[in-house]
Amino acid sequence: MSGESRRRGRAEKSSRSKKQRVIRSAEEEIESKLGFDLFSEGDKRLGWLLTFAPSSLEDQDTGKVYSCIDLYFVTQDGSSFKSKYKFRPYFYAATKDKMETDVEAYLRRRYEGRIADIEILQKEDLDLKNHLSGLRKTYLKLSFDTVQELMNVKSELVHVVENNWAKSDAAEAYDSILFGKREQKPQDFLECIIDLREYDVPYHVRFAIDHDLRCGQWYDVSVSSTGVTLEKRKDLLQRAEVHICAFDIETTKLPLKFPDAEYDMIMMISYMVDGNGYLIINRECVGEDIENLEYTPKPEFEGFFKVTNVKNELELLKLWFSHMREVKPGIYVTYNGDFFDWPFIETRAAYHGFKMSDEVGFQCDKNQGECRSKFACHLDCFAWVKRDSYLPQGSHGLKAVTKAKLGYDPLEVNPEDMVRFAMEKPQMMASYSVSDAVATYYLYMTYVHPFIFSLATIIPMSPDEVLRKGSGTLCEMLLMVQAYKANVVCPNKHQSDPEKFYSNRLLESETYIGGHVECLESGVFRSDLPTSFRLDPSAYDQLINNLDRDLQYAIQVEGKMELESVSNYSDVKNAIMEKLIRLRDEPVREEGPLIYHLDVAAMYPNIILTNRLQPSSIVTDEVCTACDFNRPGKTCLRKLEWVWRGEVFMAKKSDYYHLKKQIESEFVDSGNVRSSKSFLELPKLEQQAKLKDRLKKYCQKAYKRVLDKPVTEVREAGICMRENSFYIDTVRSFRDRRYEYKGLNKVWKGKLTEAKSSGNSIKIQEAQDMVVLYDSLQLAHKCILNSFYGYVMRKGARWYSMEMAGVVTYTGAKIIQNARLLIEKIGKPLELDTDGIWCALPGSFPENFTFKTRDSKKLTISYPCVMLNVDVARNNTNDQYQTLIDPVKKTYKTHSECSIEFEVDGPYKAMILPASKEEGILIKKRYAVFNDDGTLAELKGFEIKRRGELKLIKVFQVFVSIVWLLFFAGHLLLNKVYTSVIDPNLVI
DNA sequence: TTTTGAGACTGG
DNA sequence: CGAACCAGTCTCAAAA
């Protein structure tokens with residue numbers, strides 16, 4: 001059908017669809033202007049999926065509207081196209097047992113023309129009793145033509161289900177009482193709907209999951225009369241060369257105020273497109289014409305800028321908009337553009353009578369604090385810095401980030417001087433403006449782009465969302481993907497019970513005990529300054545006795561080698577033995593300490609994986625009783641402890657109910673006198689808040705305090721070792737993904753050393769860049785990996801479990817405390833925090849040894865590390881780990897699992913632990929550590945971090961000088977001097 | 001005057 | 001609508 005006849009065809013439709021057509025064509029027009037023509041006919045195309053968004057399309061013949069997904073592709077030659085994929089949104093409904101077909105028929109009648117289809121299918125429901133025996137839950141899959149229709153039906157049914165739950169006891173509804181097939185009234189069929197699932201999965205996410213579609217991947221796209229076909233090209237791994245535009249504006253502002261787009265102006269806009277710089281100068285604000293300029297802070301960060309001088313802001317905006325339409329960027333990059341640059345431009349454009357969305361397709365959402373378009377990405381580097389960079393809060397400005405991540409000092413101008421400088425020192429301001437664009441562009445290219453598009457290939461969301469969503473949401477998306485693949489139906493979002501009681505009193509809050517932190521020493525420890533040790537000879541005896549066992553563990557488990565293949569076993573053993581014997585025989589000694597840091601790599605994820613911990617694995621006796629595998633002597637139930645902590649109101653339960661009755665009969669004035677409402681008419685959440693307020697006041701009056709002191713309680717959680725493994729599978733694959741980056745980081749570190757010895761400066765630079773890149777990728781993945789633990793306690797998590805979070809942290813706390821117990825006897829623990837322990841071992845303690853094999857391989861071990869790992873393995877190996885071997889026969893294989901392992905770094909030259917101003921109080925989470933060459937290895941906890949780099953250097957110097965000072969001072973003096981002199985926060 | 005609580009920020 | 005977690009330090013202000 002030609003465009004002409006299509007237009008005519010549509011024009012005959014009702015006025016409503018006419019309006020829609022106008023909107024549609026406006027969208028199509030702007031998308032076409034910016035490079036995304038609809039691919040509606042012709043040969044198969046190869047495209048790299050840039051982004052996707054929910055949309056709708058109109059049937060050309062019937063005029064009916066359908067929801068669809070708009071897919072935006074970039075081709076190999078840098079051009080782009082768009083494709084519309086029709087997809088029915090759906091959700092699931094569960095009914096009372098055996099009522100599925102009746103309810104289906106009823107719903108079809110009731111929602112005729114609104115529900116497109118209903119399918120009855122079986123899903124793995126991990127809440128279903130005895131589901132491991134192969135029992136599945138039947139769900140009705142209700143599909144719709146549009147998202148709107150889904151929402152309408154959903155909101156009706158949500159109420160129906162709520163009422164049904166309120167009516168019948170929850171347990172009763174679930175335990176599915178047998179139901180006779182008698183004649184039912186329509187009302188009764190509604191009563192049979194007992195649950196809805198997955199109704200709040202965003203439409204585009206649903207699509208990406210179901211069609212296994214991800215951004216950042218290549219697809220063969222073809223269109224036919226039946227629709228669009230996509231085929232993933234797994235052979236193509238390189239990212240497409242999408243046009244990327246990083247931009248930054250400078251604006252006028254009033255003294256000591258933030259720029260206000262209502263009356264301030266854009267002075268200049270600088271931007272880089274695919275490495276080429278541009279600068280548009282608004283001569284209203286800038287003193288003279290600016291010539292083309294270069295700002296290249298580092299050889300690898302080139303910035304050549306073509307400058308255009310225009311007479312005013314209007315011309316500036318026009319030129320920029322038209323240039324954007326010319327280069328058609330697929331990705332716009334800013335630094336805080338969500339909050340500043342985009343909204344400012346939008347407002348200024350509106351002031352001049354333009355709509356920014358008509359010009360470049362971007363629109364700001366002030367509520368969300370986002371600026372987005374449907375077809376192109378806006379990737380705000382600030383979002384990456386906040387969530388993924390691991391930089392401290394105080395280093396989130398572009399200047400600090402540039403220094404930390406790009407490794408050069410950017411130009412800086414005091415904001416108060418900018419407007420004046422634009423007139424008086426225009427050249428300087430031009431350079432400054434350009435420098436921000438350069439920093440933003442290269443920050444994006446080196447870090448944000450690889451990270452976001454690497455994640456986008458596994459997370460079923462657009463790059464904009466992958467960048468901006470919280471780490472827990474990303475975890476949840478990965479879990480939903482895995483659940484879908486395993487045919488597991490997702491639970492609904494968790495809601496906390498607002499009326500929970502503990503020992504007859506209302507719970508204000510409840511949680512679990514987290515990581516374990518201790519500080520055991522304060523003062524200065526220097527490797528060349530003798531420290532007194534009082535060792536425990538019996539502990540050394542034990543090390544000696546266990547030496548064979550420990551070394552064999554190191555060879556077989558850590559090194560994954562055959563004991564027989566080692567040729568120098570006894571040499572190593574004797575060397576260690578000798579040292580241990582000397583320490584045992586002279587346990588009180590004065591020696592330069594070995595300052596070590598021993599920490600468990602990815603502790604929480606590995607605790608999860610070792611113990612097969614998943615929210616749905618947490619089982620009660622009731623669950624086990626219903627399970628077919630529940631036999632005497634079963635090994636599939638693993639019991640682990642955790643510590644619960646709750647805070648309760650002082651008032652008794654009866655007082656609470658009394659107050660509740662009272663308040664429920666009251667009226668609340670909602671501002672104006674006329675419309676005073678009954679308390680019960682208020683939203684549930686508000687009711688709860690008001691009631692809690694009342695309770696607080698009552699407690700204050702009656703008990704002189706609101707809350708009792710927190711109660712803790714050791715609890716036991718049962719963990720099913722056979723539960724469907726989709727959760728741990730997700731965690732494992734993400735952990736391994738991070739290990740890959742860690743491995744690559746190591747590889748490039750090797751290449752860097754190689755390059756350095758060869759002296760090839762280009763290769764050194766390349767290797768340096770790769771080391772930094774992989775370290776950054778590794779770090780960013782760490783944040784999301786750890787969120788798989790935190791996620792289970794997230795508000796609104798689909799897979800929620802306080803027990804699981806508690807078990808994770810309690811298991812971790814035991815590990816680190818056991819490590820301390822051992823180190824206490826053989827050396828001196830200094831500080832421990834959650835997964836790591838800083839300690840001083842006697843200088844003559846055995847350290848690193850290398851096993852040689854007969855086929856001339858080498859295995860270097862760290863004895864202190866091995867010693868701890870044997871302990872960890874003995875205490876934490878899970879011998880009950882079960883894996884499903886035959887899904888049909890339901891047979892499992894049991895094996896032992898322990899991936900919890902200590903890693904070691906050190907020894908270091910010195911460690912400084914500050915003391916409190918009050919005597920005898922040690923301070924946790926704060927210390928400084930120095931390398932042998934005198935450089936700072938770690939500086940933790942001091943807030944000077946946020947007061948800017950310059951001051952950090954000052955503090956650093958203070959530390960260095962104090963270490964020097966103490967070198968000359970006597971040991972006895974040390975702690976005194978230190979205690980009184982160093983309070984790093986006072987230093988400044 | 002001391003104690004308590006909220007917040008901002010960091011460690012892991 | 002959308003939201004990782006808890007542990008700990010320090011500052012500042014309000015309450016006792």
Side-chain angles (χ1 to χ4, degrees), chain A residues 200 202 365 367-370 386-388 390-396 465 468-479 493-496 509-519 597 599-605 607-608 615 642-645 647 685 696 700 704-707 709-710 712 731 734 779 782-802 804-810 812-813 815-816 831-838 914-918 921-927 938-947 983-986:
Chain A
D200 46 9
D365 179 342
N367 297 324
Q368 284 269 82
E370 283 178 10
K386 280 189 285 189
R387 194 191 64 193
D388 307 309
Y390 258 64
L391 288 167
Q393 196 83 28
S395 305
H396 282 186
E465 291 170 304
R468 289 177 182 80
K469 294 287 177 191
S471 59
T473 303
L474 300 190
C475 290
E476 184 162 276
M477 289 302 132
L478 292 172
L479 291 166
K493 292 177 179 172
H494 173 264
Q495 286 179 319
S496 62
S509 63
E510 60 172 342
T511 184
Y512 60 96
I513 300 293
H516 184 80
V517 192
E518 271 181 75
C519 185
H597 182 225
D599 72 315
V600 178
M603 184 194 236
Y604 286 173
I607 290 174
I608 290 172
W642 63 289
V643 186
W644 175 89
R645 180 173 66 202
E647 283 189 282
L685 249 135
K696 269 183 197 164
Q700 194 61 255
K704 298 271 183 283
R705 65 186 297 178
V706 179
L707 301 173
K709 48 183 194 296
T712 59
V731 178
F734 203 86
L779 220 51
K782 176 180 175 174
C783 159
I784 296 167
L785 181 61
N786 274 325
S787 297
F788 278 104
Y789 138 72
Y791 167 76
V792 301
M793 275 288 282
R794 188 188 86 153
K795 282 173 204 67
R798 285 177 193 277
W799 286 280
Y800 183 92
S801 172
M802 187 185 301
M804 172 168 155
V807 165
V808 169
T809 55
Y810 190 64
I815 291 170
I816 206 68
E831 206 250 17
L832 59 125
D833 190 342
T834 314
D835 60 357
I837 182 162
W838 285 93
S916 167
K917 271 166 271 182
E918 291 163 70
I921 295 192
L922 300 167
I923 293 198
K924 297 160 176 166
K925 293 184 188 284
R926 300 201 152 183
Y927 55 81
E938 310 260 13
L939 178 65
K940 299 288 188 187
F942 304 109
E943 272 170 68
I944 24 129
K945 265 189 176 177
R946 70 189 159 103
R947 296 187 210 169
D983 179 343
N985 289 313
L986 292 178

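Just so you know, these numbers use all the heavy atoms, side chains as well, and skip hydrogens, waters and symmetry mates. Chain naming here is simple, since letters A, B, ... match the order of the sequence lines and numbering starts at 1 in each. Everything quoted here is computed from the prediction, not taken from an experiment.
- With salt bridges taken as basic N to acidic carboxylate O contacts below 4.0 Å, none links A:D833 and A:K924.
- Here the C1' atom of nucleotide C:dA7 and the CZ atom of A:R645 are 9 Å apart, to the nearest Å.
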Please enumerate all protein N or O atoms sitting under 3.5 Å from an N or O of nucleotides 14-16 of chain C, with distances to 0.1 Å.
none

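- Using a 4.0 Å heavy-atom criterion, one finds that A:N786 contacts the bases of the nucleic acid, with or without backbone contacts as well.
- Here C:dG2 presents its C1' atom at 13 Å from OH of A:Y791, a figure rounded to the nearest Å.
- The main-chain N or O of A:T809 is never found under 3.5 Å from a side-chain atom of A:Y789 such that the two would form a donor-acceptor pair.
- Listed nucleotides B:dG12, B:dT10, C:dA3 differ in distance to A:D833; the shortest reach to its side chain belongs to B:dG12.
- Both A:I923 and A:S787 lie near DNA chain C, and the one whose nearest nucleotide falls closer to the 5' end is A:S787.
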Begin from the C-alpha positions of A:E938 and A:Y927 and carry the test side chain to side chain donor-acceptor pair (under 3.5 Å) through to its verdict.
CA-CA 8 Å; A:E938 310 260 13; A:Y927 55 81; 5.2 Å; no

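- One can find a donor-acceptor pair under 3.5 Å joining the base of B:dG11 and the side-chain atoms of A:K925.
- When each of C:dA7, C:dA3, C:dG8 is scored by its nearest atom to the side-chain atoms of A:R794, the top-ranked nucleotide is C:dA3.
- Under the ring-ring contact (aromatic ring centres under 6.0 Å, His included) criterion, A:Y512 pairs with no residue at all, not counting sequence neighbours.
- The CZ atom of A:R387 sits 12 Å away from the C1' atom of C:dA4 (whole-angstrom rounding).
- Atoms CD1 (A:I513) and P (C:dA7) sit 5 Å apart, rounded to a whole Å.
- Within the 4.0 angstrom heavy-atom criterion, only backbone atoms of the sugar-phosphate kind lie near A:Y512; the bases stay farther away.
- Each of A:R468, A:R794, A:E465 was compared with A:T473 under the side chain to side chain contact (heavy atoms under 4.5 Å, CB included) criterion, and only A:R794 meets it.
- Of the listed nucleotides (B:dC9, C:dC6, B:dG12), C:dC6 has the atom at the smallest distance from the side chain of A:T511.
- Computed from coordinates, the A:Y604 OH to C:dC5 C1' distance equals 9 Å when rounded to whole Å.
- Rounded to an integer number of Å, the gap from A:M793 CE to C:dG2 P is 22 Å.
- Summarising the geometry, the separation between OH on A:Y789 and P on C:dC6 is reported as 7 Å, rounded to the nearest angstrom.
- For A:Q368, taking side-chain heavy atoms from C-beta onward, the closest of the listed nucleotides C:dG2, C:dG8, B:dG12 is C:dG2.
- Among the protein residues, A:Y810 comes within range of no part of the nucleic acid, since none of its heavy atoms lies under 4.0 Å from any strand.
- Within the 4.0 angstrom heavy-atom criterion, only backbone atoms of the sugar-phosphate kind lie near A:T473; the bases stay farther away.
- Between A:R926 and A:P914, the shortest heavy-atom distance links the atoms O-CD, 3.2 Å.
- Within 4.0 Å of A:G514, counting heavy atoms only, lie sugar-phosphate atoms of the nucleic acid but no base atom.
- For the pair A:L707 CG and B:dG5 C1', the interatomic distance rounds to 12 Å; values are reported in whole Å.
- Residues A:K795 and A:E510 each lie close to DNA chain C; by heavy-atom proximity, the contact nearer the 5' end of the strand is made by A:K795.
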